[in-house]
Every structure is written in C-alpha cells, then in structure tokens.
Visitor: 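One structure follows; several queries about it will come next.
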Amino acid sequence: MEEIQDFVLVCSVGGSPEPIRKSINQQRPRYIIYIASAESRKTIRQGIESTLDWHGIEDSHTVTLSDYQDLLACVRDMRAGIADGLRGMGLPEDSLLIADITGGTKVMSSALTLVMMEYRSRFAYVGGDTRSKNGLGVVESGHETFMKQDNPWEVMALREVRSLARFFNAGDFTAALTIARELAVKVSGKEKFYGGIAELLEGCALWDAFDHGKALSKLRQALGRLEAFVLGHTPLLELLTDFRNQQTRLEQIVQDARFLRSSTETPPADCGGAYLCDLLANAARRAGAGRYDDAVARLYSAIEKSAKIRLMTAHGLDNSRLLPEQLPEHVPQELRQALLSQQGADGIIRIGLQKSFQLLAALDDPLGQVYSRHETVLLKTLEARNGSLLAHGYTPVSAEACRKLMDITLTMLGLHQDDLPHFPVLNWKSLLL
C-alpha cells in the first residue's frame, strides 16, 4: 500500500460520480474539498462517498457555486470557499492542493485551474482512451485512467515572475531580489538563468544603495552570464541591451566617485556630473515610492554637493578644508569676513551650502550666478527640508514640497528628468524561458 501523503484533494463535481470515486480511491486523501453546483452536491454523499474503497477521509468541505456557468462567479466562490475549507479543517494556507478537474462543467474546470495559481498545487485528471459517441463523448465506465500533472503555473513560475517584475518596476529591489533567489533554487533546470537574474537585481540593489563599485561588478557578471540565454529570446535581449546602456552610465558614476572620494587625486574639470545625476535619480525613485522625506534629503545633498564639486573642479577650493590665504583677493569684504568667521581652532574654514554658493557667485561662476537668481525661492523651498523629520524638525515632507525642490534642483543644475539614469522597465516576459 502507498504511503498516505498530507494533501487536500479538490474535486470539481459533475453529473457522473465514477471519475471522482476513482480519483479518491487512487489518491486516498485525508482531506477533500468538493466544488459543486447546487444540484451536483447531492451526489457527494450517496453517489461518491458511500461507495468508496478508501475509508481514510478525516474531514471534508463542500463549496457550493452560485452560478456554475459564470466564470467570474465560479472563481469568486472557489477562492472564498477553498480558503474557508482550509480554515474549517484546521489546515494551513500553504497546504498542498491536488485539483482534480475531471468533473463539473468546463467553466468549473477553467475556474479551478485559475484559482490554483494562488496555491501550492498539482493537477489530476481521470481520462481514458475508450469514450462513448464514437470517441467524442465521456469516458466509458471501467476504462478510466488516472493522470497527475504538475501545476504549469509553478513550473513556469508565472506568478512569481510577475511579482518580481512588479516589485522591480516599483523600485523595491530587495523584494524582487528575494523572489529571484527563490526561483534560482525552486525552478528545476533554470538555476543558471534565474541565478543570473538574481545577480542582475543584486547589482541594481547595490546601485540604489550607492555602492556603485560593487554594483558595477555585479552587473558585468550578470550580463555576461545571461548572454547565453538571449538566442531567440527577444524580450531578454531587449532587457540586457537596456541594462548595458545603463552600465555605461554606472561606469561614469564609479569614475566620478573615485575622484570625489580621493584625498590625493585632483578631479578633472568635468567630474561630478554623472554622480549628481545619479543622486537626483535616486531621489526621484524615493519620491515615486512616496518616501518624500528620503527624497528631499537626497535633493538637499545634491544641491550641497553641486557647490562643493564646482568649487573643487573649477577653482581648486575645498569647502571643508579652506585656508584663509586660499580666498581670492576679489572676494567682497563682507563675504570674506563671513567666511573667516567659520574658521576653526585648527585654522581651517568650513562652509555650508549658502556660503559655498555665495563664494561661487563672487568668483563669477555660472553655478553661483544661477544660485543668486534662484536664492530666495530655493531657501524658501528648503524650509520643508529643514523642518522635516530627517533634518531639524518633526513635520513630514509633502509631495508638493518634494516636487518643488526637485524642480528647482533640476533648474539650478541645468538638467531635465530625461538626463537622469534610470533602471530599465522589467517586462515579465523577459524572465520566462
């Protein structure tokens, strides 16, 4: 005798009880959920259970459909009824369900197949090679053959793939990465493919966390690994092409970061543009997720760093390590005194956002001149940041305040949204082999 497995048999019940009896006798479930119409449920006790060879059923539940010819109504009734049945029998939601789609109407079988997308499930079917009506009717009694099949939704991982794409496109890279890693373990024969996808998403997560060097390494590794799967797979080819274009942007960001973090190398004149664009793109993603305080913190950092980078690259001045003798002679006396007042006990002058831009304006720098034209509006807009939870206050930043600060930041830096790096839109079809 075969070992009894812990699963729930879900049967769609039609007019003929014989296929259901054969399925139950063959599979010997401890738990059953019957899916029936108001008429066919009458056959369950007398037509099915009373004549079974298997007597190990411990509990059962019957879902009665409100309209067995209406697909939407069937799906709704089955979703609610199966969940109620599992709870009523004291079984967990992730119990293995074996759905026997032999009985019932075609609409009932279709609805049950759709509902099984939501569960850990397999399919069963009672067929046969001898049918009535010259092979076009029902399987003749005594000629039934029992068949079991894997759930195609699980084999193809369709539900997980769609969730992965949805999380990624919403900027939730951690959730998308978790699913990709699960797929790399779960989907037989596709471990290398989903392992490559997981590496690709890990690179994006690292990029989003400003770990640009490691992100670039992961992206290069993932793109090389996934290249083996592009033949005849147009959606994947398009996805990898988009990622390679963004990889070029990332390489520029990594180069900027290396110069900006170095205490010994002098950054080139064009250094910092890619880095600032990435910071603004990160802020845009935070805003898109409704995390306006996080977005505004990044926007403030971008404004502050734009002045710092310009002073360093165009004028050779470090606003965190200024010496009095480095101040140009033509800096107005009032500004000079204000800067000297920031001198510490170690003799070093350290200046913040406003004084940095004022110094740039005094040096006739274009960025300083842009700041001068927008200073009043910028400082007014920055009040939202200064009063936010992540700065000096207790008031959450509104969507409108975030939008205004994004707009003025882009204006000051001479940028448009299209200039910012972006992660490709992930088409879920590119994740299917």
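Quick note: residue numbers are just sequence positions, from 1.
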Visitor: Is it true that the side chains of H212 and D278 contain a donor and an acceptor less than 3.5 Å apart?
Guide: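 Yes, a side-chain donor-acceptor pair sits under 3.5 Å.
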Visitor: I'd like to check E182 versus T178 (side-chain heavy atoms, cut-off strictly below 4.5 Å). Are they in contact?
Guide: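 Result yes, sub-4.5 Å side-chain heavy-atom pair found.
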Visitor: Any donor-acceptor pair under 3.5 Å linking the side chain of S95 with the backbone of P92?
Guide: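 A pair under 3.5 Å: yes.
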Visitor: Quick check for you: to the nearest 0.5 Å, what is the distance between D256 atom CG and R261 atom CZ?
Guide: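 One gets 10.5 Å once the value is rounded to the nearest 0.5 Å.
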Visitor: Can you check whether I33 reaches I35 side chain to side chain, under 4.5 Å on heavy atoms?
Guide: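 A side-chain contact exists here, since the closest heavy-atom pair is under 4.5 Å.
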Visitor: Atom NZ in K218, atom CG in L223: separation rounded to 0.5 Å?
Guide: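 So the NZ of K218 and the CG of L223 are separated by 12.5 Å.
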Visitor: To the closest 0.5 Å, what do you measure between CG (D270) and CZ (F259)?
Guide: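 The CG atom of D270 sits 9.0 Å away from the CZ atom of F259.
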Visitor: State, with a plain yes or no, whether a side-chain heavy atom of L340 is found less than 4.5 Å away from one of L327.
Guide: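 Side-chain contact under 4.5 Å: yes.
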Visitor: Any idea which heavy atoms bring D77 and D67 closest together, and the distance?
Guide: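 In terms of heavy atoms, the two residues are closest at OD2-N, 4.3 Å.
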Visitor: Quickly, which of D208, D294, D293 forms a side chain to side chain donor-acceptor pair (under 3.5 Å) with R286? Name it, please.
Guide: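 The passing option is D208.
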Visitor: For E251, give me all partners under side chain to side chain donor-acceptor pair (under 3.5 Å), at least two apart in sequence or on another chain.
Guide: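 Partners of E251 under the side chain to side chain donor-acceptor pair (under 3.5 Å) test: R220, Q247.
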Visitor: Between N245 and R249, do the side chains contain an N or O donor and an N or O acceptor separated by less than 3.5 Å?
Guide: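 Note: N245 and R249 side chains miss the donor-acceptor criterion.
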Visitor: Under a 4.0 Å threshold between the charged nitrogen and the carboxylate oxygen, would R87 count as salt-bridged to D84?
Guide: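 A salt bridge links D84 with R87.
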Visitor: Verify side chain to side chain contact (heavy atoms under 4.5 Å, CB included) between F193 and L226, making sure each step is shown before the conclusion.
Guide: CA-CA 7 Å; F193 174 69; L226 291 170; 3.9 Å; yes
Visitor: Should L389 and V397 count as side-chain neighbours, where that means a heavy-atom distance under 4.5 Å?
Guide: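 L389 does not reach V397 side chain to side chain.
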Visitor: Does P29 reach the side chain of I98, with side-chain heavy atoms less than 4.5 Å apart?
Guide: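 They are not in contact (no side-chain heavy atoms under 4.5 Å apart), so the answer is no.
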Visitor: Can a side-chain donor-acceptor contact be found between R41 and T64 if the only test is distance below 3.5 angstrom?
Guide: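 Side-chain D/A pair, T64 to R41: present.
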Visitor: For the residue pair F173 and F423, categorise the inter-ring angle as parallel (less than 30°), tilted (30 to 60°) or perpendicular (more than 60°).
Guide: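 F173 vs F423 ring planes: perpendicular.
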Visitor: Measuring only between side-chain heavy atoms, which start at C-beta, is H61 closer than 4.5 Å to L86?
Guide: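 No. Closest side-chain heavy atoms not under 4.5 Å.
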Visitor: May I ask you to test the L363-H330 pair for a side-chain heavy-atom distance under 4.5 Å?
Guide: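 In short, these two side chains touch, coming nearer than 4.5 Å.
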